[in-house]
Student: 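Attaching a single structure in structure tokens format; questions to follow.
In what follows, chains are A, B, ... by sequence order, proteins preceding strands, each numbered from 1.
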Amino acid sequence: MAVGGDPDGRGVVATANYAARRFGVRSAMSCAEARRRCPDLVFVRPDIREYRAWSERVWATVDVLVPVCEPVGLDEGYLDLGDDDPVGLARAVQLAVAERVRLSASLGVASCKVVAKIASDRDKPGGLTVVSPGGEREFLSPLAVRLLPGAGPRTTARLLEAGIATIGDLADLPPERVAALIPGRVGELLRDRARGVDPRPVMAEPAERISVSTERTFDRDVTDRGELARRGEEMAHDVASSLARRGRCARTVWVKLRYGDFSTVTRSHTMAAATDDAGLIWRQAWHLLEGALEHRPGPLRLLGVGASGLSEQHQLALF
DNA sequence: TCTGGGGTCCTAGGACCC
DNA sequence: TCTGGGGTCCTAGGACCC
């Protein structure tokens with residue numbers, strides 16, 4: 001079974017059960033490819049409300065045992081287990097979630113986020129992997145560099161080309177070679193992480209949102225301006241209601257265009273004052289869209305509308 | 001009928017300001 | 001008689017995460 005988008009259209013796999021994974025079905029794979037690999041695959045559309053409800057049940061259970069929790073998305077997160085008996089507390093969390101929510105949880109216990117996350121992935125489903133303080137390098141060293149959070153497909157390809165295959169290889173690299181391979185702060189960050197160095201604390205408070213957006217991949221590439229206008233205006237309204245729901249206004253409006261060849265263009269405009277008005281957001285977005293299409297015409301596979309530069313909503317005084 | 005959707009962070013150049 | 005330096009904002013693109 002796979003959960004994801006339209007298997008007869010342009011959908012991708014969001015996740016798949018272990019039976020499907022044995023056929024090579026993976027997250028982010030196109031549904032068409034997944035079906036080729038596993039012809040009897042059953043496709044299910046996602047039900048985000050259901051997942052949210054289950055997620056809340058899990059976190060309500062965890063919060064009772066661990067006061068400082070940082071959810072990441074719906075289905076994972078970091079817990080500050082303290083110094084007293086972190087492994088005992090981890091077992092208690094696992095047990096409570098199994099008994100009260102009837103879900104299994106995979107946990108990793110370690111001295112920092114990056115090691116804990118990698119450890120949590122080592123034994124699924126339902127495992128618990130402990131990395132003792134001081135054992136970080138030894139634990140990370142033999143693992144594939146792709147497993148390091150922050151080393152995505154691009155970076156991993158570059159590293160592999162240079163003969164760096166494991167996290168240990170990256171950890172042992174002299175700084176000049178890291179800088180040549182992955183310039184800027186990203187390279188330093190990844191090498192630190194490869195050495196088990198990660199100063200990020202567990203955040204008890206969710207971060208302020210800094211942008212809202214919506215985008216749609218069309219069933220077929222769209223050239224017709226009228227259709228683009230209809231779809232775009234809907235999206236502008238969705239963005240405006242998302243802002244209003246959060247009590248926010250935005251100063252920057254942007255559009256995203258993806259052409260038939262998958263190349264992607266963005267255009268943004270920053271206004272003098274922030275707004276949550278759907279009509280105003282749409283007028284800005286349409287202007288940007290027309291400009292982009294004038295610069296590069298062609299059928300669009302995807303259109304997106306977004307807003308950033310968020311501030312608190314405020315009502316101007318009338319008197 | 002290959003390649004989703006909602007996000008964050010980083011980079012880099014140009015404008016602008018003191 | 002060349003063309004400072006540092007900081008911030010804006011824009012566009014890219015990499016990454018769940």
Student: Is it the case that atom CE in Met203(A) sees more than 12 heavy atoms from other parts of the structure closer than 6.0 Å?
Tutor: no

Student: Counting the atoms with a prime plus P, OP1 and OP2 as sugar-phosphate, which does Pro149(A) contact under 4.0 Å by heavy atoms, base, sugar-phosphate, or nothing?
Tutor: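 The answer is sugar-phosphate, as Pro149(A) gets under 4.0 Å only of primed atoms, P, OP1 or OP2.
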
Student: Please give me every residue in residues 254-286 of chain A whose heavy atoms get under 4.0 Å of an atom in DNA chain C, ordered by residue number.
Tutor: Val265(A), Thr266(A), Arg267(A), Ser268(A), His269(A), Thr270(A)

Student: May I ask you to say what Arg251(A) touches in the nucleic acid, namely base, sugar-phosphate or nothing, with a heavy-atom cut-off under 4.0 Å?
Tutor: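 If one applies the 4.0 Å heavy-atom cut-off, Arg251(A) turns out to touch the sugar-phosphate alone, with no base involved.
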
Student: Verify, without hydrogens or angle tests, whether Arg26(A) (side chain) and Arg21(A) (backbone) share a donor-acceptor contact under 3.5 angstrom.
Tutor: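 Pair found, side chain donor or acceptor close to backbone of Arg21(A).
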
Student: Anything below 3.5 Å on both distances counts as a pair; with that, list the stems of at least three consecutive Watson-Crick or G-U pairs involving DNA chain B.
Tutor: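 In DNA chain B, stems of three or more pairs: B:5-18 with C:5-18.
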
Student: Could you go step by step and tell me if Asp261(A) and Ser263(A) meet the side chain to side chain donor-acceptor pair (under 3.5 Å) rule?
Tutor: CA-CA 6 Å; Asp261(A) 66 356; Ser263(A) 60; 2.6 Å; yes

Student: Could Arg296(A) and Tyr259(A) be counted as a cation-pi pair, given that NZ or CZ must be under 6.0 Å from the ring centre and within 45° of the axis?
Tutor: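 Checked: cation-pi criterion met.
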
Student: Check the surroundings of atom CZ in Arg154(A): do more than 12 heavy atoms from other residues, nucleotides or ligands lie under 6.0 Å from it?
Tutor: no

Student: Starting from the 5' end of DNA chain B, give me the residue, Arg36(A) or Arg209(A), whose nearest nucleotide shows up first.
Tutor: Arg36(A)

Student: Which heavy-atom pair separates Phe218(A) from Arg10(A) by the least distance, and what is that distance?
Tutor: O-NH1, 2.9 Å

Student: Answer yes or no: is there an ion pair linking Glu208(A) with Arg248(A), defined by an N-O contact shorter than 4.0 Å?
Tutor: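 Salt bridge flag = yes for Arg248(A) with Glu208(A).
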
Student: Classify Arg45(A) by what it touches in the nucleic acid, base, sugar-phosphate, or nothing, heavy-atom distance under 4.0 Å.
Tutor: nothing

Student: Any side-chain to backbone donor/acceptor pair from Ser55(A) onto Tyr51(A)? Under 3.5 Å, distance only.
Tutor: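 Checked: no pair found.
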
Student: Is it possible for you to check whether Arg22(A) lies under 6.0 Å from the centre of the six-membered ring of Tyr18(A), through NZ or CZ, and within 45° of that ring's axis?
Tutor: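 Judged by the rule (NZ or CZ under 6.0 Å from the ring centre, within 45° of its axis), Arg22(A) is not positioned above Tyr18(A).
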
Student: At a heavy-atom distance below 4.0 Å, what parts of residues 213-221 of chain A sit against DNA chain B?
Tutor: Ser213(A), Thr214(A), Glu215(A), Arg216(A), Thr217(A)

Student: Checking Ser308(A) against Ser211(A): is there a side-chain donor and acceptor pair closer than 3.5 Å?
Tutor: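 Result is no, nothing qualifies.
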
Student: Contact between Phe43(A) and Arg35(A) at the side-chain level, heavy atoms closer than 4.5 Å - yes or no?
Tutor: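 Yes, at least one pair of side-chain atoms sits under 4.5 Å.
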
Student: Keeping Asp198(A) on the side-chain end and Cys112(A) on the backbone end, is there a donor-acceptor pair under 3.5 Å?
Tutor: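 Between the backbone of Cys112(A) and the side chain of Asp198(A) there is no qualifying donor-acceptor contact (under 3.5 Å).
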
Student: Using heavy-atom distances to pick each residue's nearest nucleotide on DNA chain B, tell me which of Ser27(A) and Asp8(A) is more 5'.
Tutor: Asp8(A)

Student: Once you apply a heavy-atom cut-off of 4.0 Å, does Val12(A) come out as touching a base, just sugar-phosphate, or nothing?
Tutor: base

Student: In this structure, which one of Arg191(A), Arg137(A), Arg177(A), Arg195(A) forms a salt bridge (charged side-chain N to carboxylate O under 4.0 Å, His left out) with Asp172(A)?
Tutor: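 Exactly one option meets the salt bridge (charged side-chain N to carboxylate O under 4.0 Å, His left out) with Asp172(A), and it is Arg137(A).
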
Student: For Thr166(A), does its backbone N or O pair with a side-chain atom of Asp169(A) as donor and acceptor, under 3.5 Å?
Tutor: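 At least one qualifying donor-acceptor pair exists.
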
Student: Need two values: the first and the last nucleotide of DNA chain C, 5' to 3', having an atom under 4.0 Å from any heavy-atom of chain A.
Tutor: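 Contact boundaries, 5' end first: dC10(C) to dC18(C).
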
Student: Heavy atoms under 4.0 Å, any strand shown: does Gly4(A) hit a base, just sugar-phosphate, or nothing?
Tutor: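 The answer is nothing, as Gly4(A) stays clear of every strand by at least 4.0 Å.
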
Student: With a 4.0 Å cut-off on heavy atoms, is Ala207(A) in touch with a base, just the backbone sugar-phosphate, or nothing at all?
Tutor: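 Nothing, no heavy atom under 4.0 Å.
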
Student: Let's see if you get this right: which residues in residues 152-172 of chain A place a heavy atom under 4.0 Å from DNA chain B?
Tutor: none

Student: Report, as yes or no, whether the 6.0 Å neighbourhood of atom CZ on Arg158(A) holds more than 12 heavy atoms from other residues, nucleotides or ligands.
Tutor: no

Student: So what does Asp75(A) hit on the nucleic acid, given a heavy-atom distance under 4.0 Å: a base, only sugar-phosphate, or nothing?
Tutor: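 Sugar-phosphate contact only - Asp75(A) comes under 4.0 Å of backbone atoms but never of a base.
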
Student: When the C1' atoms of dC17(B) and dG4(C) are compared, how many Å lie between them, rounded to an integer?
Tutor: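 The answer is 14 Å between these two C1' atoms.
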
Student: What contact category does Gly5(A) fall into here, base, sugar-phosphate, or nothing, at under 4.0 angstrom with non-hydrogen atoms?
Tutor: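 The residue Gly5(A) makes no contact with any strand.
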
Student: Donor-acceptor pair, distance only, cut-off 3.5 Å: does the side chain of Asp276(A) make one with the backbone of Ala240(A)?
Tutor: no

Student: With sequence neighbours left out, what residues match Glu294(A) under salt bridge (Lys or Arg N to Asp or Glu O under 4.0 Å)?
Tutor: none

Student: When you check the glycosidic angle of dT3(B), does it come out syn, meaning within 90° of 0, or anti?
Tutor: anti

